[in-house]
Amino acid sequence: MALTKMPLHVAIIMDGNGRWAKRKFFPRTAGHKAGIKSVRQTIEFAVEKKIPYLTLFAFGRENWQRPKEEVDTLMDLFTKVLVDELPMLKDNNVKLVVVGDKSRLSNAVLSNIEIAEVATKANTGLMLNIAIDYSGQWEIVEAAKEIAKSVLANKMQIDQLDENRFVDFLQPTIQQPVDLLIRTSGEQRVSNFMIWQLAYAELYFCKKLWPDFRKNDFQAALDDYQLRKRRFGKTEDQL
Ligand code: FPP
C-alpha cells in the first residue's frame, strides 16, 4: 500500500517474549534474547521509512518485580546491545537516547548508555528512544516536581501552566505526541507507557509475539494507519 500518511512518532510495546520462549520450552530469558533481532529490524525499518521518532518500551518501572534472574539478564542484555548495535545505529544516522529513571541502573548499564548516547549525539536521522525504568506516571510526577521548583523559584507563575507548557517538562526527547502505538502479543493495554503523549495516538494491536515481529508486520501497522481517520476531537465535516 502507498503510504500517504506517515506517523511522526511511533511507539512500540514489545510484548510476548516470555510466551514465545515458553512455547518453545526455553527459559523466559531466551525470549528476550530473541527479541533483539526484532528490535534491529524495527529500527532499520523506521530508518527506511524515514519515521522521525521511534520509542521502544524495553523495561517498565513495574518490571523490577520480576524474578531477579530475569531482571539481571535483561540488564545484561541492555548493556550488551548498546555496544553491539552501536555500529548499526551510526551507519543509519540514528540518534539514541535512553529515557527513564537512571538512578536504579547499574554502572555497567549506565556507562554503555553514556557511550551510545555520546557516539550518536550528532546524528540527524531517526530519533530513537529506548525506555528503561520508565513509566508514564513517573514521567508526569517528575514533570510536576520540576514545575513546582520553577514556581518556587519564581521562574513561572501557576496560571501560566497549560497543556502546551506542561509538555516542556516531560522527558526532552519524547515530548512529540505519539501518532501510532504498536503493541505485540495480542494484549490490548497501554501499560503505563507514555500516557501523556498517547492522548490522541492510534492504537494497533498485533497478534505476533515480539520475537516474531518483522519488517512486514511493521509495514502492516503502517498500512492500517492509512485507514485511520484522525479527528482530534473535531467532526468529520470539519476536517
Ligand atoms: C515484554 O515481554 C518484553 C520485555 C519486558 C523486555 C523487552 C526487551 C527486549 C526486546 C530486549 C532488548 C531490547 C532493547 C531495546 C535493548 P514479556 O516478558 O512481558 O512477555 P510475556 O508477556 O509473554 O511474559
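All values below were derived from every heavy atom in this structure, side-chain atoms included, with hydrogens, water molecules and symmetry-related copies excluded. For the single chain, residues carry numbers from 1 onward in sequence order. Order of listing sets the numbers, starting from 1, for every ligand and every atom in it.
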List ligand 1's nitrogen or oxygen atoms that come under 3.5 Å of a protein nitrogen or oxygen, with the partner atom and distance.
{"from": "ligand 1", "atom 1": "2 (O)", "to": "Gly16", "atom 2": "N", "distance (Å)": "3.4"}
{"from": "ligand 1", "atom 1": "2 (O)", "to": "Asn17", "atom 2": "N", "distance (Å)": "3.3"}
{"from": "ligand 1", "atom 1": "18 (O)", "to": "Arg28", "atom 2": "NH2", "distance (Å)": "2.9"}
{"from": "ligand 1", "atom 1": "18 (O)", "to": "Arg66", "atom 2": "NH1", "distance (Å)": "2.8"}
{"from": "ligand 1", "atom 1": "19 (O)", "to": "Asp15", "atom 2": "OD1", "distance (Å)": "3.3"}
{"from": "ligand 1", "atom 1": "19 (O)", "to": "Arg66", "atom 2": "NH2", "distance (Å)": "2.8"}
{"from": "ligand 1", "atom 1": "20 (O)", "to": "Gly16", "atom 2": "N", "distance (Å)": "3.3"}
{"from": "ligand 1", "atom 1": "20 (O)", "to": "Asn17", "atom 2": "N", "distance (Å)": "3.1"}
{"from": "ligand 1", "atom 1": "20 (O)", "to": "Gly18", "atom 2": "N", "distance (Å)": "3.0"}
{"from": "ligand 1", "atom 1": "22 (O)", "to": "Asp15", "atom 2": "OD1", "distance (Å)": "3.1"}
{"from": "ligand 1", "atom 1": "22 (O)", "to": "Arg19", "atom 2": "NH2", "distance (Å)": "2.9"}
{"from": "ligand 1", "atom 1": "23 (O)", "to": "Gly18", "atom 2": "N", "distance (Å)": "3.3"}
{"from": "ligand 1", "atom 1": "23 (O)", "to": "Arg19", "atom 2": "N", "distance (Å)": "2.7"}
{"from": "ligand 1", "atom 1": "23 (O)", "to": "Arg19", "atom 2": "NE", "distance (Å)": "2.8"}
{"from": "ligand 1", "atom 1": "24 (O)", "to": "Arg28", "atom 2": "NH1", "distance (Å)": "2.9"}
{"from": "ligand 1", "atom 1": "24 (O)", "to": "Arg28", "atom 2": "NH2", "distance (Å)": "3.1"}

* **Side-chain (Arg183) to main-chain (Asp15) donor-acceptor, under 3.5 angstrom** => no

* Under 3.5 Å: donor-acceptor pair, side chain of Gln197, backbone of Ile174 -> yes

* **Contacts of type ring-ring contact (aromatic ring centres under 6.0 Å, His included), residue Phe59, not counting sequence neighbours** => Trp64

* Is it true that the NZ or CZ of Lys22 lies under 6.0 Å from the centre of Trp20's six-membered ring and within 45 degrees of the ring axis? -> no

* **Pairs meeting criterion side-chain hydrogen bond (donor to acceptor under 3.5 Å, both in side chains) with involvement of residues 119-128, two or more places apart** => Asn93-Thr124

* **Pairs flagged by side-chain hydrogen bond (donor to acceptor under 3.5 Å, both in side chains) wherever residues 153-175 is involved - sequence neighbours left out** => Asn129-Thr173

